[in-house]
K.L.:
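I have a structure here, written as structure tokens, and I will follow up with some questions on it.
Note that ligands are numbered from 1 as they come in the structure, with each ligand's atoms numbered from 1 the same way. This is a predicted model, so every value here is computed, not measured.
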Amino acid sequence: MAPASGTRPALRERGWPLLLAAGVFPLLLGLALTFLESRRDVQRELDATSRILLRHAQTISDHAWRTVNTLKRLEHNDSTCEDLEPDLQRIGSIRAYFRSIGLTHGHMVFCSSAFGPMREPLADVIQREIPGLGRWSMSVEGTTAVRERPAVVFADLYGDVGAYTIVDGQYLTDFMRAIGEPRGYYMSVVIGDGHPVTQGEPPTDTHPLFSPLSDDTSSPQIMVRVSAPESESVHAWWRIFTAFLPLAAILSALCMMAAAYWLRRKMSYRDEIRRGIARREFSVQYQPVYDIQAGCCGGVEALLRWQRADGRWERPDVFIAAAEAEHMIIPLTRHLFELVAADMAEWQAPRGFHVAVNVAAEHLQDPTFVADVRRFAAQIATHGPRITLELTERSLISDRKEVVTALHTLRAEGVDIALDDFGTGHCAMSYLQTFPLDFLKIDRGFVNAIESLDGDAPVLDAIIALSKRLALRTVAEGVETAVQLAYLKRQGVLYVQGYLYARPMSSDALARWLPTRGCEPLPSTDQIV
Ligand code: C2E
Ligand code: CA
Ligand code: CA
């Protein structure tokens, strides 16, 4: 609605923090949401990886136990290692994963696929204390044969015969490397109460935002932990954020457009009315009011006009409503008073001539109201007209004592009060009694209802009758036809205002119009019929 030329400076001066916020907000929201989503994403990956690793460890474990069971079936109390060694070597070499397998008496190894006959505690072979007899499994740091590489021991030991298998930890670390290295994961598998078999670098927590994430999964004997380094979280976030970026840019643009639209609507009228006043974009048009008895112009209604810098005229009902909503109606009415006072210095109004101005509710209820009208009255005093304040039912809705007192005060000083747009607002009857009034302006909606001289306009008739009973002078608005005029005249209406008599005109036009056409007779119905 506001022209671009008038809006852009307002946005530049006052609106840029909001515009900036509207532009940045989706980005910040995107940062936060993509951060959370990336954390979830990394966590999901960790969860999947740890499950795969656990399944793999479980497969190795099942395989190892099956081999232990096979070994146990080989044993006979009277068999020697020499008898059993070929079978051990065959099983140890054809089955996957094993570093060595062996047979025991109690906790002593008497036969091993790697060393043949021997007599050494299993604890020495695996280089740590064993949990005891019975069935157990445990990951260890190394064995006598290969000290520097972890292994997993599966043992089923009893007083007489027993068997064990040692799985090389390499099978686990190779698998862990294959699934975790591309992402820099740190992985560990602990079997029984054993030593962790690990792969990768343990993550460090140095990033202010992204802490390392981990996932633990376990089965009764196996505990798996997978941790992602901070860099993985950062990469995941960046991947998601760059995918979201085009959407964020669109959202930013939409938010900025919405903010600009809102600013234009919200701020422009306040600022632009203020600027319009400063730039003298407002002017006043005067619509003559015809005094039927005198047959002459009895006064004018001052109607504000706003022509923008680009030449466009703003509709009065729109900018007046906006000025009321934006609390600019008081400065605007003061400006109107100044404009009218300046205009009146240019033309000679007859004595008793009425100048009507429209007053909004907010102004009426403002403590400065009486002083404002007095100042206006003082400015135009030398030109002799009477001031009429046009109040609408809406502006009288608050029947506060102060308003009644203010109106009484002004009325005592010679100001007339008119009730405008009568019949269109809220219940007006009570106002007629509460407020001191001189004129009642019948809204043009009722005048429009007059279709012919003999026709029926019951509401209009009732309003006119009521007005007479209350000794108020009636002004009919929006009189456009001779029929309407004749009807109103017959009903005893004293004043008419409307296109039939005159349209609103500039001060200069009025100055020329008044002496020449002010007292021209109005077209009568005889002329039409
Ligand atoms: P309003 O006070 O009822 O003013 C009369 C409106 O009716 C004016 O419209 C006028 O141009 C129009 N009018 C006059 N004769 C005829 C006619 O024969 N036929 C038709 N169709 N219309 C006619 P305008 O100037 O557009 O003003 C609209 C409204 O804006 C006014 O209604 C008034 O409520 C408000 N307004 C205008 N100037 C001011 C002002 O200075 N202060 C305040 N508070 N309100 C104003
Ligand atoms: Ca009016
Ligand atoms: Ca009116």
K.L.:
Would you mind naming the N, O or S atom of Glu390 nearest to the Ca ion (ligand 2)?
P.N.:
OE1

K.L.:
Measuring only between side-chain heavy atoms, which start at C-beta, is Phe369 closer than 4.5 Å to Val403?
P.N.:
no

K.L.:
Please determine if Glu480 has a nitrogen or oxygen closer than 3.5 Å to a nitrogen or oxygen of ligand 1.
P.N.:
yes

K.L.:
Quick one: look at Val284 and ligand 1, take heavy-atom pairs under 4.0 Å, and tell me if it's side chain, backbone, both or neither.
P.N.:
neither

K.L.:
Yes or no, since that's all I need: does a protein heavy atom fall within a distance strictly under 4.0 Å of atom 21 (N) of ligand 1?
P.N.:
yes

K.L.:
So which of the N, O or S atoms of Asp421 lies nearest the Ca ion (ligand 3)?
P.N.:
OD1

K.L.:
Answer with side chain, backbone, both or neither: which part of Leu304 has a heavy atom less than 4.0 angstrom from an atom of ligand 1?
P.N.:
both

K.L.:
Check the angle between the aromatic planes of Phe439 and His354 and answer parallel, tilted or perpendicular using the 30° and 60° thresholds.
P.N.:
perpendicular

K.L.:
Using a distance threshold of 3.0 Å, state whether an N, O or S atom of Glu477 lies below it from the Ca ion (ligand 2).
P.N.:
no

K.L.:
Looking at atom 16 (C) of ligand 1, what's its closest protein heavy atom, distance included?
P.N.:
Tyr499 CE2, 3.2 Å

K.L.:
Which N/O/S atom belongs to Asp420 and is the closest one to the Ca ion (ligand 3)?
P.N.:
OD1

K.L.:
Looking only at distances, can you tell me whether any N or O atom of Gln287, backbone or side chain, sits closer than 3.5 Å to an N or O atom of ligand 1?
P.N.:
yes

K.L.:
Is the closest N or O pair between Glu301 and ligand 1 shorter than 3.5 Å?
P.N.:
yes

K.L.:
Identify the two heavy atoms, one from Glu362 and one from Glu324, that lie closest to each other, and give their separation to 0.1 Å.
P.N.:
OE1-O, 4.0 Å

K.L.:
Would you mind telling me which of Leu466, Leu419, Leu437 makes a side chain to side chain contact (heavy atoms under 4.5 Å, CB included) with Leu472?
P.N.:
Leu437

K.L.:
With a 4.0 Å cut-off, strictly under, does atom 9 (O) of ligand 1 pick up any protein heavy atom?
P.N.:
no

K.L.:
Return the residue, atom name and 0.1 Å-rounded distance of the protein heavy atom closest to atom 26 (O) of ligand 1.
P.N.:
Pro316 CG, 3.4 Å

K.L.:
What is the minimum heavy-atom distance between Ala482 and Pro523, and which atoms define it?
P.N.:
CB-O, 3.7 Å

K.L.:
To 10°, measure the OE2(Glu301)-the Ca ion (ligand 2)-OD1(Asn358) angle for me.
P.N.:
90°

K.L.:
So, for atom 34 (O) of ligand 1, does the protein have a heavy atom nearer than 4.0 Å?
P.N.:
no

K.L.:
Can you pull out the closest protein heavy atom to atom 12 (C) of ligand 1? Residue, atom name and distance to 0.1 Å, please.
P.N.:
Arg444 NH1, 3.8 Å

K.L.:
Using heavy atoms and a threshold below 4.0 Å, how should the contact between Leu336 and ligand 1 be classified: side chain, backbone, both, or neither?
P.N.:
side chain

